[in-house]
Protein chains: 2
Amino acid sequence: MPDGTQKKPSRIQQRNRHLILDAALDVFSAHGYRGATLDQIAEAAGLSKPNILYYFSGKEEIHVTLLSQLMETWLDPLVEMDADGDPMTELLGYVNRKLDMARDLPRQSRLFAGEILQGAPRMHPHLMADLKPLFDEKCSVIQGWVDAGKLAPVDPGHLIFSIWSTTQHYADFDAQVRVLSSGDTMDGARKHLNTLFERLLAP
Amino acid sequence: MPDGTQKKPSRIQQRNRHLILDAALDVFSAHGYRGATLDQIAEAAGLSKPNILYYFSGKEEIHVTLLSQLMETWLDPLVEMDADGDPMTELLGYVNRKLDMARDLPRQSRLFAGEILQGAPRMHPHLMADLKPLFDEKCSVIQGWVDAGKLAPVDPGHLIFSIWSTTQHYADFDAQVRVLSSGDTMDGARKHLNTLFERLLAP
DNA sequence: TCACTTTTTGACCAATTGGTAAAGACACGA
DNA sequence: TCGTGTCTTTACCAATTGGTCAAAAAGTGA
């Protein structure tokens, strides 16, 4: 088995681990943890099942690896929100970055949503360790902006929830959105959400 | 087996079908379709597995029954939105009714979310047949309000998406919300969402 | 080329899962 | 009380699933 403690993963190891994780993202995001099978992942990756288990110790390790990687990507746009910038610009920028992610990384969004939906059994520690402190910090920043009169009074926590829910909706509920709307969904969504949060936040 | 074509389901049939559906709602909403097992449902219902299959022809029929029942409940608050009422009152009323549902029926919300998240494999027909016409109708109503100058210009479809996403977020992402907030979440949510939509929609 | 390591595979489990068959327990009107 | 239809259980499948193992194949450096 590939020794995790060694420094240099071979070219082949890098390629195959990447193939597996990408295939697993497809399968897990489409069917959920329990609904995904190693056979499906193996076929999507173009490898045999035992070969997959040569690179990962089991189904759960693949899932956890995916979730860990996801956490970084997920927090990134929020990290970028700058306490010293213009409040409205920063917040609308955050909204638009989240909307970009819903458009460009829908599989990741659905993987995350599925995990939370089922009570975050595998992600709870990550939420506590990584998300919570960042969330609290950014809430303080927003509260500071409100106190300085640069934003209309708003509950920072619920504001962030609103940004998350409205943007991720277009990835997570895509099947529903597609039934109900025709054509240029994302353009309309962007315009609508910018208006929504601008009107909410203008002092 | 209980003949579905007959008029009178016995007292026992009613009770047991109800027991099964309630247990299944627990299990399906917590683990998703594939993640739920008949044994779990049977145990939660306090019946044996073959006994469950005496009342339902299989796992899928239980799920579909649940989804069909859910559709009615789910559309109800939107049906109630009255074209002849005061636009702002009607829309805020809708927001608050959806928030009530997120608070009182989180299992149903999660069952629905899980189904959509996985591409609505079993619900797509229902969405087309029931949800779509209602959605279109209410979009027209809202557009009428906008045209009459009673609301700020807004895209009706995306407005409805925003209402759905922000309210259901508190049920579907409950695990995350609970990590991040303390105590009186629902009260704060209600105040925040009323402000948000009032500010968006005030002409 | 050869020895040695890394990668891949085919054959195989044990456990779980959705589902069945048939016998038994129960309810209830005559 | 009996007989008939409703309900429940015991015992069982066949298929799927996550995972193992030893051996074969493919690289790799000298």
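Please read these numbers as outputs of a predicted model, since none were measured by experiment. We name chains A, B, ... by the order of the sequence lines, and we start the count at 1 in each one.
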Given A/R34 and B/H31, is the side-chain contact (heavy atoms from CB on, under 4.5 Å) satisfied, shown in steps?
CA-CA 8 Å; A/R34 190 60 155 50; B/H31 306 293; over 6 Å; no
With A/K59 as the cation and A/F28 as the aromatic partner, state whether NZ or CZ is under 6.0 Å from the six-membered ring centre and within 45° of the axis.
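So A/K59 doesn't make the cation-pi contact.
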Any N or O donor-acceptor pair linking the side chain of B/K49 to the base of C/dG18 at under 3.5 Å?
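Side chain to base: pair present.
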Base, sugar-phosphate, or nothing for [X], non-hydrogen atoms under 4.0 angstrom?
{"X": "A/A36", "result": "sugar-phosphate"}
{"X": "A/T37", "result": "sugar-phosphate"}
{"X": "A/L53", "result": "base"}

Atom-pair distance ([atom1] on [X]; [atom2] on [N]), nearest Å:
{"X": "B/Q40", "N": "C/dG18", "atom1": "CD", "atom2": "C1'", "value": "13 Å"}
{"X": "B/R17", "N": "D/dT8", "atom1": "CZ", "atom2": "P", "value": "13 Å"}
{"X": "A/F56", "N": "D/dG18", "atom1": "CZ", "atom2": "P", "value": "16 Å"}
{"X": "B/R15", "N": "D/dT8", "atom1": "CZ", "atom2": "P", "value": "7 Å"}
{"X": "B/I20", "N": "C/dG19", "atom1": "CD1", "atom2": "P", "value": "13 Å"}
{"X": "B/D39", "N": "D/dT17", "atom1": "CG", "atom2": "P", "value": "16 Å"}
{"X": "B/K59", "N": "C/dT20", "atom1": "NZ", "atom2": "C1'", "value": "18 Å"}
{"X": "B/E43", "N": "C/dT17", "atom1": "CD", "atom2": "P", "value": "12 Å"}

Map A/S57 and A/G35 onto DNA chain D by nearest heavy atom, then report which one ends up closer to the 5' terminus.
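Result: A/G35.
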Of A/D26, A/D172, A/D174, which meets salt bridge (charged side-chain N to carboxylate O under 4.0 Å, His left out) against A/R107?
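Of the listed options, the one satisfying the test is A/D26.
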Output yes when a side-chain donor or acceptor of B/E115 lies under 3.5 Å from a complementary backbone atom of B/M123, and no otherwise.
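Side chain of B/E115 to backbone of B/M123, a donor-acceptor pair under 3.5 Å: yes, one is there.
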Using only side-chain N and O atoms of [X], determine if any of them is under 4.0 Å from OP1 or OP2 of [N].
{"X": "B/S48", "N": "D/dT9", "value": "yes"}
{"X": "A/N16", "N": "C/dT8", "value": "yes"}
{"X": "A/N51", "N": "C/dT7", "value": "no"}
{"X": "A/R34", "N": "C/dT17", "value": "yes"}
{"X": "B/Y54", "N": "C/dT20", "value": "no"}
{"X": "A/Q13", "N": "C/dT6", "value": "no"}

If you check the A/Y55 side chain, which of C/dT7, D/dC21, D/dG19 turns out closest?
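Nearest to the side-chain atoms of A/Y55, counting from C-beta on, is C/dT7.
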Within the 6.0 Å centroid threshold, strictly below: B/Y55 and B/H18:
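Between B/Y55 and B/H18, the centre distance exceeds or equals 6.0 Å.
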